[in-house]
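These notes concern the structure reproduced below.
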Amino acid sequence: MMKKGWKQVWRNLLFQHFELNDTSFLEAHLPKHCKLDSFDGKHYLGLVAMEMSDVRHRSTGDKIWFKRYNELNVRTYITLDGKPGVLFLSLDVDSLISVLGARVFYGLPYRFRKFERVDNTIKAFHKNSLYFDCDYTVDETYKQYTKDTFAYWATERYFFVARHLGLSLIGEIFHKPWSLTTANATNHNVKVLEPYNIKERHKDILFCDKIEVTTSKLKLIKG
């Protein structure tokens, strides 16, 4: 396991959320002691498109391991000991080395995919077949949301959990509180969500232009 962790800059994060019709399939993904989290009694999948940049390992100072790559992740929301966290169902990136490293050291469901990103249009491909296609516009006013809002519930989460080789693991995420704005997004293709039984998209579509992030080493969930 990694002794320290990673620093990185997340850029151009577009958050979309879809209500789940059924959550029973998620039970097989939950690490021990984790429970599904809900907002106003509803469970959601998050679909987050972003760019990862300036990835550095904390043991090698300012040496950049990965300059920039695209990511599209599908996630849901959990609690552990009453605290809110994230459970990733898939993380698609166009960096093969990142896929190999994350699968080995973090046990996360990374997958290699091809991307095309031009201005505010994002396309992702699996075996040359389009499975995500979205264009969006962003509003100009950024703010920090209050605790009673969906935006706060869906983003202010500072750890992720994973199951790997029979172990239940947790990794901490450190960054400043989210400064977010709203966005309008048109999905032309969301085959990435086909495996899931989803309802309509939540009305709040969110965007963050940049945030600096540090992750901790993985730890066992005890008990």
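Since the model is a prediction, treat every value here as computed from it, not as a measurement.
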Q | Side-chain touch D92/Y131, heavy atoms, less than 4.5 angstrom | A | yes

Q.
Can you tell me how the ring of Y136 sits relative to the ring of F207, calling it parallel under 30°, perpendicular over 60° and tilted otherwise?
A. tilted

**Q.** Rounded distance (nearest 0.5 Å) linking atom OG of S53 with atom CD of E51
**A.** 7.5 Å

**Q.** Within 6.0 Å of CG in N21, more than 12 heavy atoms from elsewhere
**A.** yes

Q) Same hydrophobic cluster for L96 and V93, using side-chain heavy-atom links shorter than 4.5 Å among ILVMFWY? A) yes

Q.
Is there a path of hydrophobic side-chain contacts, each under 4.5 Å between heavy atoms, that joins V213 and M52?
A. yes

Q | Closest non-hydrogen atom pair, A49 against R117 | A | C-NH2, 4.3 Å

Q: Show the numbers, then the answer: is there a side-chain contact (heavy atoms from CB on, under 4.5 Å) between I122 and D133?
A: CA-CA 6 Å; I122 310 163; D133 183 1; over 6 Å; no

Q.
Suppose we call two aromatic rings close when their centres sit under 6.0 Å apart. Are F15 and W178 close by that rule?
A. yes

Q) Could you give the distance from CE (M50) to CG (L14), rounded to the nearest 0.5 Å? A) 11.5 Å

Q: Measure the CG-CG distance between L26 and L20 for me, rounded to the nearest 0.5 Å.
A: 6.0 Å

Q: For residues H29 and F88, establish whether the separation of their ring centroids is below 6.0 Å.
A: no

Q: Could you tell me whether the side chain of L91 reaches within less than 4.5 Å of the side chain of P109, counting heavy atoms only?
A: yes

Q: Mind telling me whether W153 and F39 have parallel, tilted or perpendicular rings, with 30° and 60° as the class edges?
A: tilted

Q: Decide yes or no for K219 and F159: does some side-chain heavy atom of the first lie under 4.5 Å from some side-chain heavy atom of the second?
A: no

(Q) Using ring centroids (six-membered ring only for Trp), state whether F18 and H202 fall under 6.0 Å. (A) no

Q) Under 4.5 Å between side-chain heavy atoms, hopping through other hydrophobics if needed: is there a path connecting L220 to L108? A) yes

Q: For residues L87 and R75, determine if any side-chain heavy atom of one lies less than 4.5 Å from a side-chain heavy atom of the other.
A: no

Q.
So, taking the atom named CD in E71 and the one named OG in S95, what distance separates them when rounded to the nearest 0.5 Å?
A. 10.5 Å

Q.
Counting the benzene-type ring for Trp, do F125 and F115 have ring centres under 6.0 Å apart?
A. no

Q) If only atom types and distance count, is the side chain of T76 paired as donor or acceptor with the main-chain N or O of Y44 below 3.5 Å? A) yes

Q.
Restricting to non-hydrogen atoms, name the atom on H17 and the atom on G46 that form the minimum distance, rounded to 0.1 Å.
A. CD2-CA, 3.4 Å

Q) Is the CD atom of E200 crowded by more than 12 outside heavy atoms at less than 6.0 Å? A) no

**Q.** SB check K199 E19 (cutoff 4.0 Å)
**A.** yes

Q. What class does the angle between the rings of Y196 and F25 fall in, given that below 30° is parallel, 30 to 60° is tilted and above 60° is perpendicular?
A. tilted

**Q.** Q8 and T215: CA distance, side-chain angles, deciding distance, side-chain contact (heavy atoms from CB on, under 4.5 Å) verdict
**A.** CA-CA 9 Å; Q8 59 239 247; T215 61; 4.1 Å; yes

Q | I205 and T182, any side-chain heavy atoms less than 4.5 Å apart | A | no

Q.
So does V99 get a backbone contact from the side chain of R111, meaning a donor-acceptor N/O pair under 3.5 Å?
A. no

Q. Around D119, counting heavy atoms of other residues, nucleotides and ligands shown, do more than 12 lie under 6.0 Å from its CG?
A. no

Q | Residues K114, D94: salt bridge by 4.0 Å N-O rule | A | no

**Q.** Distance, nearest 0.5 Å, that separates CZ of F150 from CG of D204
**A.** 6.5 Å

Q: Answer with yes or no whether the side chains of Q16 and N187 bring together a donor and an acceptor at under 3.5 Å.
A: yes

Q: Report yes or no: does T155 contribute a side-chain atom to a donor-acceptor pair with the main-chain N or O of A151 at less than 3.5 Å?
A: yes

Q: Go through the steps for V161 and I221 under the test side-chain contact (heavy atoms from CB on, under 4.5 Å), then give the verdict.
A: CA-CA 9 Å; V161 294; I221 298 176; 4.1 Å; yes

Q.
Are Y77 and F160 linked, directly or through intermediate hydrophobic residues, by side-chain heavy-atom contacts shorter than 4.5 Å (ILVMFWY only)?
A. yes

Q: Would you mind reporting whether L47 and R201 have side-chain heavy atoms less than 4.5 Å apart?
A: no

Q | Side chain proximity check, H43 to D37, heavy atoms < 4.5 angstrom | A | no

(Q) Under a 3.5 Å cutoff, is there a donor and acceptor pairing between the side chains of H188 and D135? (A) yes

Q: Check whether V86 and I198 end up in the same hydrophobic cluster, where Ile, Leu, Val, Met, Phe, Trp and Tyr are linked by side-chain heavy atoms less than 4.5 Å apart.
A: no

Q: Give the intermediate values and the outcome of side-chain contact (heavy atoms from CB on, under 4.5 Å) for residues I211 and V9.
A: CA-CA 6 Å; I211 191 166; V9 181; over 6 Å; no

(Q) Just by distance, no angles: are the side chains of D139 and T181 close enough, under 3.5 Å, to form a donor-acceptor pair? (A) no

Q: Would you indicate whether the side-chain heavy atoms of L180 and Y145 approach each other to under 4.5 Å?
A: yes

Q.
If only side-chain N and O atoms count, and only distance matters, is there a donor-acceptor pair under 3.5 Å linking E156 with Y158?
A. yes

Expected list for residues 165-176: side-chain donor-acceptor pairs under 3.5 angstrom, two or more places apart:
{"residue": "S168", "atom": "OG", "partner": "K32", "partner atom": "N", "Å": "3.0"}

(Q) Rounded at 0.5 Å granularity, tell me how far CZ in R163 sits from SG in C34. (A) 10.0 Å

Q) If only atom types and distance count, is the side chain of T149 paired as donor or acceptor with the main-chain N or O of Y152 below 3.5 Å? A) yes

Q. How close do L72 and A124 get, heavy atom to heavy atom, and via which atoms?
A. CD2-CB, 4.4 Å

